[in-house]
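All remarks here apply to the structure that follows.
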Amino acid sequence: MYIKKQRLLTPGPTPLLPAALHAMMGSDIHHRTEDFRTLYKQVLADLQHVLATSHDVLVVVASGSGALEAATQNFFSPGDEVLVCSAGKFGERWEEIMKAWGMKATVLKAAYGDAVQPEAVRQALAQNRAIKGVFVQASETSTGTEHDVRAMGRAVKETGALFVVDAITGFGTMPLDIEGWGLDIVIGGSQKAFMIPPGLAFLSISPKAWAAADSAKAPRFYFDLKKEKKNAVNGESAWTPNTALLLAFAESLKYIKSIGMDKLVANAQLLARATREAMQPLGLQLFSTSPGSSVTAVRPPAGMDSGVIVKEFRSRFNAIITNGQGSMKGQIFRLAHLGYFDFHDLFAIIAELEIILAANGQPVRFGSGVAAVQNAYMDVALPKAELALS
Ligand SMILES: *Cc1c(COP(=O)(O)O)cnc(C)c1O
């Protein structure tokens, strides 16, 4: 037990793709050269490909929250009526952004661990025809909850409102049919399922959203998406880009293209399912009533602070997992599945969790959680003949 490899197992930042990490060393390039323009055009084309949309896709230098703000200031005006679906810390972030930009927000609030129901969105839109935008998290990372974005999209589509979806942990963990479901602005971030460090965010933007941008009056300067679009056409960014992260992004997009975005989603879904199944024999309860596949939020055993589990993952195994955020701190621990996670990781995570529970006096039958993951693996494993070929 003297060598303990550090493992980053959080729902952002996530484990890094080695090829992407190595590519960052080539960042001694200038951004107003043909080398860069080739790279940038490739990134935007591949991003559009993996998001499976013909809508414009733009990249900005910011963490995910920067793109949430850009999605607000570029398409709306102070005083606009908006509808915010808020089911956790990231829903609350939408509320704070609306307040900062002077929007009049009606908030549909779900208790932590619950999802906002599409029917509530439909009713709120019917009651207030002035609503210009509906804001939601596809995946609410703080509680491990997934929203039914497809059904919400159907409700929003019938109105003039824009549907703005924070898919920062939704991309790569759930199907998202941007055009088919009427998702006008969809936001992603580099440090989640895209397997690279934090610092890039991106948005897909529908023609309906661009039309709204023409009359939107909120001030903008750095995050001027029309300016970004004009530059992107020529393979350039409006400002000095993060070349290191773009080199990494090019590699991760290449990798995601090679396995297929649907397979990246299926991978997270399988690991999430196996994790849920492993919690039963360990006697642990899930926190969410609509659990998604980006992260699984689990309640600790009665009387135990989840911080003990988080701390012992670090001290015993040098593995970094996450506690609950805000008032959920101590109430849940969260196991991530998005991006560069595999069954090998999960076998270890569950075996380690069993040890931590046992060391804290919990009645654990060693191997019972791991066996659940092994069974989930066997359910989906390739037959021997195919394994030999791959
Ligand atoms: C990580 C995350 C964000 C962005 O947070 P940043 O710290 O700004 O990158 C926003 N929404 C959700 C749902 C997230 O998981």
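In this text, all values refer to a predicted model and were calculated from it rather than measured experimentally. Counting starts at 1 for both ligands and their atoms, following the listed order.
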Suppose the criterion is salt bridge (charged side-chain N to carboxylate O under 4.0 Å, His left out): which pairs have a residue in residues 115-126, not counting sequence neighbours? E119-R122, R122-E158
Is the F221 ring parallel, tilted or perpendicular to the W239 ring (thresholds 30°, 60°)? tilted
K217 meets the side chain to side chain donor-acceptor pair (under 3.5 Å) criterion, sequence neighbours left out, with none
Verify whether the ring centers belonging to Y340 and F194 lie closer than 6.0 Å. no
Contacts table for ligand 1: protein N or O within a distance under 3.5 Å of ligand N or O, distances only.
from: ligand 1; atom 1: 5 (O); to: R93; atom 2: NH1; distance (Å): 3.2
from: ligand 1; atom 1: 8 (O); to: S63; atom 2: OG; distance (Å): 2.6
from: ligand 1; atom 1: 8 (O); to: G64; atom 2: N; distance (Å): 3.4
from: ligand 1; atom 1: 8 (O); to: S65; atom 2: N; distance (Å): 2.8
from: ligand 1; atom 1: 8 (O); to: S65; atom 2: OG; distance (Å): 2.5
from: ligand 1; atom 1: 9 (O); to: G64; atom 2: N; distance (Å): 3.0
from: ligand 1; atom 1: 9 (O); to: Q191; atom 2: NE2; distance (Å): 2.8
from: ligand 1; atom 1: 11 (N); to: D166; atom 2: OD1; distance (Å): 3.4
from: ligand 1; atom 1: 11 (N); to: D166; atom 2: OD2; distance (Å): 2.6
from: ligand 1; atom 1: 15 (O); to: T141; atom 2: OG1; distance (Å): 2.5
from: ligand 1; atom 1: 15 (O); to: K192; atom 2: NZ; distance (Å): 2.8

Please determine, by modelled atom types, if H337 and T173 share a side-chain donor-acceptor pair under 3.5 angstrom. no
Pairs of donor and acceptor atoms involving the side chains of residues 352-366, under 3.5 Å and at least two apart or interchain, shall be tabulated with distances.
from: E354; atom 1: OE1; to: G367; atom 2: N; distance (Å): 2.6
from: E354; atom 1: OE2; to: S368; atom 2: N; distance (Å): 3.4
from: E354; atom 1: OE2; to: G369; atom 2: N; distance (Å): 2.6
from: E354; atom 1: OE2; to: V370; atom 2: N; distance (Å): 3.1
from: N360; atom 1: ND2; to: E312; atom 2: OE1; distance (Å): 3.4
from: N360; atom 1: ND2; to: E312; atom 2: OE2; distance (Å): 3.2
from: N360; atom 1: ND2; to: I356; atom 2: O; distance (Å): 2.8

